[in-house]
Amino acid sequence: MNDWLHTTITSWYAANQRELPWRDPGTTAWGVLVSEVMSQQTPVGRVAPLWTQWMERWPTPTDFAAANTADVLRAWDRLGYPRRALRLHECAQAVVDRHDGEVPSDLDELLALPGIGTYTASAVAVFAYGKRHPVVDTNVRRVVARYAGGEPDAGMATTRRDLTATEALLPTDAATAAIVSIGLMELGATLCAARKVDCGECPLKPRCKFHATGAELPDRPSRKTQRYHGTTRYVRGQIMALLRANDTPVPRVAIDGVWHEDARRAEALAGLITDGLVDALDGDLFVLAGADGD
DNA sequence: TACACGTGGCA
DNA sequence: TTGCCAAGTGT
């Protein structure tokens, strides 16, 4: 009963998809996995150039598993959330240890890997291996909420409900379902964004409940955000940037320069050490984790 | 369930 | 300019 949706999305995506390096037909499952992890909470346009360099440097899980952690964190550069780089490194090691260096295609095996949650596991199974699963990210949740629910935004992320609602829209055929999923994501990332809709260009307009009811976006943001400057997260970022820029151990007094509040700075540094992103050396010196080789 | 977790572009 | 927002995951 959703045939119209499937053919509409499929043809729209074929004609309008953005050029992204990991969409090249020759991309490996590992390449897909890396692109998905890098894209977590990060605009894909910022990911693309880094992904290309990354895959040239570490083409396979085995290559990457052997990399030094400090090199990984430097290569991650300012992509954000450096813990993702750590998880990706652990993920490569798990792929080598548990799967003989081959990215698994089974959803549960993917889910068991470090840094791989519901979304990423589905995305790899579907986009790299052609499996049939609903792939539900923030874009899909929003587009489905608007198209099928007539609501301006998706509600709270409740995995089960999201999977059910998306599942109901997908075709039986795995290959087509994959294109519908990537098409919904693309639509949400381009024409049907959180704060800006372009119904005039949208192929789903004729049957979209949200458009039918006026497509009015609320003035209020759909989710709460917090101030960033001066937060622990901000100070962590400043410390990481300082350590990335230095090949030699950095004395505490240098770190003291990144933020004026002692307590905040201490909290940030302690957190980075706890998270395995920073190593403390004798003499009150600090380095990127694994800077001496893992 | 709710919060922590980086960074930079855009309106 | 300030603040929203981005292919989420782990706790």
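Chain identifiers are assigned alphabetically (A, B, ...) following the order of the sequence lines, protein sequences preceding nucleic acid strands; residue numbering begins at 1 within each chain.
- Rounded to whole Å, the separation between the P atoms of B/dG8 and C/dT9 comes to 23 Å.
- Salt-bridge formation is not detected for the pair A/Arg142/A/Glu151: no Lys NZ or Arg NE/NH1/NH2 atom is positioned less than 4.0 Å from an Asp or Glu carboxylate oxygen.
- At whole-Å resolution of the value, CD in A/Gln238 and P in B/dG8 are 10 Å apart.
- Using a 4.5 Å heavy-atom cutoff, the side chains of A/Glu186 and A/Asn16 are not in contact.
- With DNA chain C read from its 5' end, the first of the two nearest nucleotides for A/Pro114 and A/Trp22 is the one closest to A/Trp22.
- Nucleotides B/dG6 and C/dT2 are separated by 23 Å at their P atoms, to the nearest Å.
- Residues of residues 117-127 of chain A having a heavy atom closer than 4.0 Å to DNA chain C, listed by number: A/Gly117, A/Thr118, A/Tyr119, A/Thr120.
- Taking NE2 of A/His211 as the start and CD of A/Glu216 as the end, the distance is 11.0 Å to the nearest 0.5 Å.
- Atom C1' of B/dT1 sits at a distance of 23 Å from the matching atom of C/dA6, rounded to the whole Å.
- In this structure, A/Leu163 atom CG and C/dG8 atom P are separated by 14 Å, rounded to whole Å.
- Not a single donor-acceptor contact under 3.5 angstrom links the side-chain atoms of A/Arg83 to the base of C/dT9.
- Residue A/Ala193 is classed as having no contact, given no heavy-atom separation below 4.0 Å to the nucleic acid.
- Between the side chain of A/Gln40 and the base of C/dG8, no donor-acceptor pair under 3.5 Å is found.
- When heavy atoms are screened at a 4.0 angstrom cut-off, A/Trp76 is found touching no nucleic acid atom at all.
- Across the protein-nucleic acid pair, A/Tyr234 atom OH and B/dG8 atom P stand 11 Å apart, rounded to whole Å.
- Between B/dC5 and C/dA7, the distance separating the two P atoms is 22 Å to the nearest Å.
- Nearer the 5' end of DNA chain B, as judged by each residue's closest nucleotide, is the contact made by A/Gly237, out of A/Lys196 and A/Gly237.
- Other residues, nucleotides and ligands contribute only 12 or fewer heavy atoms inside 6.0 Å of the CD atom of A/Glu102.
- Projected onto DNA chain C by closest heavy-atom contact, A/Arg46 and A/Leu111 fall at different nucleotides, the more 5' of which corresponds to A/Arg46.
- For A/Ser39 against C/dG8, a side-chain-to-base donor-acceptor contact under 3.5 Å is absent.
- Ring orientation note: the planes of A/Tyr147 and A/Trp4 are close to parallel, at an angle under 30° on the 30°/60° scale.
- Ionic pairing of A/Asp247 and A/Arg74 is present here: one or more N-O contacts between side-chain nitrogen and carboxylate oxygen are shorter than 4.0 angstrom.
- Between the CD atom of A/Glu186 and the P atom of C/dA7 there is a distance of 10 Å, given to the nearest Å.
- Using a 4.0 Å cut-off, some side-chain N or O of A/Arg195 falls inside it from OP1 or OP2 of C/dC5.
- Note on A/Leu20: a base of the nucleic acid sits closer than 4.0 angstrom, heavy atoms only.
- Listed by first and then second residue, the ring pair (Phe, Tyr, Trp, His ring centres under 6.0 Å) pairs that reach into residues 57-85 of chain A are A/Trp54-A/Trp58, A/Trp54-A/Phe64, A/Trp54-A/Trp76, A/Trp58-A/Phe64, A/Phe64-A/His89, sequence neighbours excluded.
- Here A/Ile116 lies in heavy-atom contact (under 4.0 Å) with sugar-phosphate atoms only.
- The shortest distance between the side-chain N/O atoms of A/Arg142 and the OP1/OP2 oxygens of C/dA6 is below 4.0 Å.
- Through direct or relayed side-chain contacts under 4.5 Å between Ile, Leu, Val, Met, Phe, Trp and Tyr, A/Val197 connects to A/Phe210, A/Leu217.
- Nearest to the side-chain atoms of A/Pro43 among the listed nucleotides C/dA7, C/dC4, C/dA6 stands C/dA6.
- In this structure, CG of A/Leu50 is placed 13 Å from P of B/dT7, rounded to the nearest angstrom.
- The only option from A/Val135, A/Val136, A/Thr190 that meets the side chain to side chain contact (heavy atoms under 4.5 Å, CB included) definition with A/Met185 turns out to be A/Val135.
- Nucleic acid contact for A/Arg78: sugar-phosphate only, since backbone atoms but no base atoms lie under 4.0 Å from a heavy atom of the residue.
- Each of A/Met156 and A/Arg244 was assigned the nucleotide of DNA chain B with the nearest heavy atom; the assignment lying further toward the 5' end belongs to A/Met156.
- In this structure, of C/dG8, C/dA6, B/dC5, it is C/dG8 that holds the atom nearest to the side chain of A/Asp137.
- Look at CG on A/Leu86: it is 17 Å from C1' on C/dG8, rounded to the nearest Å.
- Using a 4.0 Å heavy-atom criterion, one finds that A/Arg87 contacts no nucleic acid atom at all.
- Whole-Å rounding puts the A/Asp275 CG to B/dC5 C1' distance at 8 Å.
- One interatomic measurement links the two molecules: CG of A/Leu88 to C1' of C/dG8, which rounds to 14 Å at whole-angstrom precision.
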